[in-house]
Amino acid sequence: MFRVRRRAAARLSAAMLVTSLAVAGSVATAGSAAAEDGQNPSSGATAKLNGLKIADDARLEGKPVRAGLFEMAVDNGGTLQSYCIDAHTPTVNEARYQEVAWNQSSLHNNADAGKIHWILKNSYPQVNDLGALAKAAGAGSLTEKQAAAGTQVAIWRFSDHLKAEAVNEDAEKLADYLESKAQDIAEPATSLSLSTAAVSGKAGEKLGPITVSTNAGSATVATAAEGVKVVDGSGNPVTSAVNGTELFFDVPEDAPAGTASLTVKATTKLSVGRAFTGIGVKTQTQILAGSSDSTVEATATATWGEKEHTGPVLAAESVKNCAKGGVDVKVTNSGDQPGEFTVGGEKHTVEAGKDVTVTVPVKEDAEYTIEVTGPNGFTETFTGILDCETAGEETTGGSTGATTGGESPEPSSAPSPASAGGSDATTGGDLAETGGSSATPVIAGIAVALVVVGGATVFLIRKRKSA
């Protein structure tokens, strides 16, 4: 009897341990993969959040917070400064962000977005003469921390429409001044973006156009595909581009079916007022307040069939549609016959030489995986998190932005203890706790499993001794 029990205990222990390790491994893998999910390759700057750097005390709906300037490190070189425009969502330490248009962020339905842009252009750090800024606001004097806090408070009044106050009297006067003077200013230009991320066609054709939008004076253009050139509308090779340049893939006539990509890269100062949302993680939306010279890049991919190919040739891309609460999946058919494709299990048809856009509904703050399949083995998968609204005070959850019921979190304008691909970090100052990491339930489950294993083993050993 003892041998049976001993074997059972061993099997139980091994099974529970293997299950625990498998769960832990899948979480680690998902975490590292999720950091890249949702990134739009046709859009410019990507950066990592370095935290709240210049801040002072404030109150949000009567609750104490730290308010001020964040810093981000651009992936390819450069430094950004930003303010928060999503006060009740905690930031995630070392989260990666991507520059997006206002209509792909919480500003998409905010009538005061232009006023936020005015504040950014007319306050610290764009106005770094603190004496002049204090005089304009009717304040005695301002330090950098007070100026940053006052600016953030004024922004919160328009981004989240909350009662926000600076603790320091002069910082509060600055906030009141900025709020009263703010005017609508149009959305700023992108640092670098491409009109499409995917084109298709046949060998021997020019595949495109792909239009470059950038605030840089010039950008470099390159393709890594052997034999495939990047050309302009007249067929001339292109190695550089400016705002408005149209690019095409020039595929040789004898090329077998395949794919290629081009990369456009530029060094520029990003325009104040550009929005930044998390890549693959729910984290506090940011808006740009300052930029050093930064390296930005965007890519586009071409897919083609052989010259004599008959039938559809499909390409697919996706973009978040905050106005419709979902993700737009655009499928283009550059072949000579209609093509049937599926998006999320639903069938659609795109005529030859046409494109079809399907909006896939996605819940706010929800992770999504959208699979597109078509003829000739065509398949694309788009993943990400829909982040289109500012979080309400009733929203709870950790760094992944899960929405649950229960107790409301404290608002935060600094990184929470949760980590996204980096080591855990603690918040500075006397910031209130803002929720734990999304891995917490998994860790707790593993701990419970190991306790069960230990308890079962001890029980069977005791039974053996009594026998």
Side-chain angles (χ1 to χ4, degrees), residues 51-72 79-88 102 106-107 110-188 269-276 284-292 390 411-414 428-431:
L52 190 63
K53 297 299 182 180
I54 305 174
D56 204 359
D57 294 331
R59 287 184 293 268
L60 200 57
E61 298 292 317
K63 299 176 182 179
V65 293
R66 297 286 287 175
L69 267 176
F70 288 86
E71 182 180 285
M72 290 192 281
T79 302
L80 308 177
Q81 291 177 305
S82 62
Y83 286 107
C84 158
I85 53 171
D86 188 6
H88 283 296
W102 284 1
S106 58
L107 297 177
N110 190 334
D112 292 324
K115 292 182 179 180
I116 296 172
H117 189 192
W118 185 94
I119 291 172
L120 293 165
K121 293 178 72 69
N122 290 275
S123 190
Y124 181 77
Q126 289 301 303
V127 177
N128 56 19
D129 185 341
L130 298 182
L133 190 60
K135 183 178 180 180
S141 63
L142 289 168
T143 66
E144 288 185 339
K145 291 182 177 181
Q146 292 160 0
T151 305
Q152 176 65 89
V153 164
I155 289 172
W156 275 333
R157 294 174 184 176
F158 291 120
S159 65
D160 295 77
H161 300 101
L162 298 171
K163 182 180 179 182
E165 303 168 294
V167 171
N168 177 269
E169 181 179 353
D170 290 323
E172 176 66 8
K173 287 181 179 180
L174 174 61
D176 291 342
Y177 162 76
L178 295 171
E179 181 184 15
S180 66
K181 294 294 184 180
Q183 304 171 26
D184 282 326
I185 297 182
E187 180 177 0
K269 283 185 171 66
L270 278 68
S271 300
V272 169
R274 294 296 291 171
F276 279 78
Q284 194 176 85
T285 305
Q286 302 282 308
I287 192 163
L288 192 67
S291 169
S292 70
T390 55
S412 167
S413 64
D430 51 2
L431 179 68

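Index from 1, following the sequence.
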Looking at [atom1] of [X] and [atom2] of [Y], how far apart are the two atoms once the value is rounded to the nearest 0.5 Å?
X: E165; Y: D57; atom1: CD; atom2: CG; value: 13.0 Å
X: W102; Y: I85; atom1: CH2; atom2: CD1; value: 9.0 Å
X: D86; Y: Q286; atom1: CG; atom2: CD; value: 9.0 Å
X: W156; Y: H88; atom1: CH2; atom2: NE2; value: 9.5 Å
X: L52; Y: S82; atom1: CG; atom2: OG; value: 9.0 Å
X: I116; Y: Y83; atom1: CD1; atom2: OH; value: 13.0 Å

Flag, side chain of [X] to backbone of [Y], donor-acceptor distance under 3.5 Å:
X: D170; Y: A139; answer: no
X: Q81; Y: P125; answer: no
X: E61; Y: K163; answer: yes
X: N110; Y: F158; answer: yes
X: H117; Y: Q183; answer: no
X: S292; Y: T79; answer: yes
X: S159; Y: I155; answer: yes
X: N168; Y: Q146; answer: no
X: Q152; Y: C84; answer: yes

Are more than 12 heavy atoms from other residues, nucleotides or ligands located less than 6.0 Å from atom NZ of K121?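 Check fails, neighbour count at 12 or below.
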
Check whether more than 12 heavy atoms from other residues, nucleotides or ligands sit under 6.0 Å from atom CD of Q126, and answer yes or no.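 Yes, CD of Q126 has more than 12 neighbouring heavy atoms, counting only those of other groups under 6.0 Å.
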
Taking side chain to side chain contact (heavy atoms under 4.5 Å, CB included) as the criterion, tell me which of I287, I185, L288 meets it with L120.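 Only one of I287, I185, L288 forms a side chain to side chain contact (heavy atoms under 4.5 Å, CB included) with L120, namely I287.
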
Given D184 and K115, is the side chain to side chain contact (heavy atoms under 4.5 Å, CB included) satisfied, shown in steps? CA-CA 5 Å; D184 282 326; K115 292 182 179 180; 3.6 Å; yes

Salt bridge (Lys or Arg N to Asp or Glu O under 4.0 Å) against E172, all qualifying residues, sequence neighbours excluded: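 Partners of E172 by the salt bridge (Lys or Arg N to Asp or Glu O under 4.0 Å) criterion, ordered by chain and then number, come out as R157.
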
Indicate yes or no: at least one non-hydrogen side-chain atom of L69 is less than 4.5 angstrom from one of Y124.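 Side-chain contact under 4.5 Å: yes.
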
pair H161-T390: side-chain heavy atoms closer than 4.5 Å: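 No. Closest side-chain heavy atoms not under 4.5 Å.
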
Closest non-hydrogen atom pair between L142 and A171, with its separation: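 Heavy atoms only, the tightest pair is CD2-N, 4.0 Å.
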
Give the C-alpha distance, both sets of side-chain angles, the deciding distance and a yes or no for side chain to side chain contact (heavy atoms under 4.5 Å, CB included) between T151 and L174. CA-CA 7 Å; T151 305; L174 174 61; 4.0 Å; yes

